[in-house]
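For reference, the structure discussed in these notes is given below.
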2 protein chains.
Amino acid sequence: MDFNRPSVTVDLAIFTVLDADLKILLIRRKLAPFEGMWALPGGFVLVGPSAAEQGESVEDAAYRELEEETGLPRRTLYLEQLHTFGRPGRDPRERVITVAWVALVRPDLAPTVHAGTDAADARWFSVRDALADTDLAFDHSDIVDAALDRIRGKVDYSSISFELVPPTFTIAELRSAHEAIKGAAYDPGNFRRRFKRMQTDGVIAVAPGRRHTATKPAKVYRFVGPTPE
Amino acid sequence: MDFNRPSVTVDLAIFTVLDADLKILLIRRKLAPFEGMWALPGGFVLVGPSAAEQGESVEDAAYRELEEETGLPRRTLYLEQLHTFGRPGRDPRERVITVAWVALVRPDLAPTVHAGTDAADARWFSVRDALADTDLAFDHSDIVDAALDRIRGKVDYSSISFELVPPTFTIAELRSAHEAIKGAAYDPGNFRRRFKRMQTDGVIAVAPGRRHTATKPAKVYRFVGPTPE
DNA sequence: TCAATAGTGTCTTTCAGACAGTATATA
DNA sequence: TATATACTGTCTGAAAGACACTATTGA
């Protein structure tokens, strides 16, 4: 092939919910271009030297970066391909095409994330701040917009919100996760009704124990799986 | 960057509806690998030689290939990014990462497509045949599966079916397009009711004339646009 | 005239939104 | 005991599935 080749990277929009607020993980760039600016974590897809050794899959690259940035094992993380961004000039150094991913980290695991990032400056940003006040490197603002569209569009008809609560959770906790994603309040009674339907459908089940807060203790549930049949 | 770089291609799952049947455009490969096998149309993303000249965007590459394969102008075509496939070994020659797209061609334009393909062997396949009887090159069967999932999932809550009927169309024609995509029958009365709601919402409007077939002539409509507000 | 499709309407079920009301913890 | 939240239930309207029925054309 007598074509020039682009570099291919993966970029990760990693979300969690802390303090009833949707957060995204950003890292501060130590090198040019965009030195000092906040950016999405990411890295190059490793490509082998020959036809026989072709390197890692794009998905493996995303998981590898995700594990490196969060320090969390693969099976505790949710990862979904978002979109590929390939506008020329998006990286001023050279042609870079990036495959963007959405990842979700459970809030009980989120506090350990900071330690995992090899001394890089990494922080959970409220998505409000990340979008409004903070200029992001490259076209990462576009990626964040697309990622938010994706999770906001899916949260009410998929199982992704279970990736943003602890392994066992109350109805109010799940509702709070929905509200953090959508940035809007849900009617508690109506949310509970939908939730109870999930229970009769076998999507969720009662877990032992109760959650004790400042008021009446609530039943605890666990996610079973998206309707076996 | 001291990394090996992959080649990046675009592959197109181009659909139309002919004879009330969902078709996909395949081309027969003239060269190894997979010589003689049917494959999705596609090609390399053009990458410039320097930081200043970085080449075309991935979307432009998809449109360029689409125009080359169909001979149709860009504004008559629907194009949407599907998914990026990057498993090592998917091309035995070298590492190739492909960005797959879904394209829709209106049935009134589909018959001209064959002429546009520079003498290559190109054919509309019924998706039934394409999936069941025909082995496709590379991982193109996976791409076709994903493309079908995409359009089948979207057809009932988006405007894509208007891309698979002529500029003016009857309710029965639109219903037939839905049925071709889903491979299932819709109740004519219920479909008409949903359709009429689109009319009151301003999504569609009556067009002049009537469609004369073997029976009672039907009203003709045109697509106005996805709900102005 | 009759077969086929265009086009209308009805019944039932499901589910969402709005919201009232009861129960039971802890402060 | 007061208040916040857990939890239950009711009313209404939108919309889908099943299906019956009328209207009008070309063969």
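A note on names: the letters A, B, ... follow the listed sequences, proteins ahead of strands, and every chain is numbered from 1. Side chains included, hydrogens not; waters and symmetry mates left out as well; all remaining heavy atoms used.
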5'-most by nearest nucleotide on DNA chain D - A:Lys196 or B:Thr213: A:Lys196
Residue whose closest nucleotide on DNA chain D lies nearer the 5' end, A:Arg210 versus B:Lys216: A:Arg210
Annotated protein contacts, base or backbone, on nucleotides 12-22 of chain C with a non-hydrogen cut-off under 4.0 Å, one of B, S, - each: ---SBBBB---
Quick one: ring pair (Phe, Tyr, Trp, His ring centres under 6.0 Å) partners of [X], sequence neighbours excluded?
X        : answer
B:Phe138 : B:Phe34, B:His140
A:Trp124 : none
B:His83  : B:Phe85
B:Phe195 : B:Tyr221

Side-chain donor or acceptor of A:Thr168 paired with backbone N/O of A:Val220 under 3.5 Å: no
Pairs meeting criterion side chain to side chain donor-acceptor pair (under 3.5 Å) with involvement of residues 126-135 of chain B, two or more places apart: B:Asp21-B:Ser126, B:Asp21-B:Arg128
Heavy-atom contact window of chain B on DNA chain D, given 5' to 3' at under 4.0 Å: D:dA15 to D:dG26
Pairing residues for B:Ser57 by the side-chain hydrogen bond (donor to acceptor under 3.5 Å, both in side chains) criterion, not counting sequence neighbours: B:Asp60
A:His212 NE2 to C:dT26 C1', straight-line distance once rounded to whole Å: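 About 11 Å, once rounded to whole Å.
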Set of residues satisfying salt bridge (Lys or Arg N to Asp or Glu O under 4.0 Å) with respect to B:Lys216, sequence neighbours excluded: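 Here no residue qualifies.
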Close residues, residues 154-182 of chain B, relative to DNA chain D [heavy-atom separation under 4.0 Å]: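 Of all residues in residues 154-182 of chain B, none places a heavy atom under 4.0 Å from DNA chain D.
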Within residues 143-153 of chain A or reaching into it, pairs that qualify as salt bridge (Lys or Arg N to Asp or Glu O under 4.0 Å) - sequence neighbours excluded: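 Listed once each, the pairs are A:Glu80-A:Arg150.
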Within residues 173-182 of chain B or reaching into it, pairs that qualify as salt bridge (Lys or Arg N to Asp or Glu O under 4.0 Å) - sequence neighbours excluded: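 Pairs touching residues 173-182 of chain B that pass the test: B:Asp156-B:Lys182, B:Glu173-B:Arg211, B:Arg175-B:Glu179.
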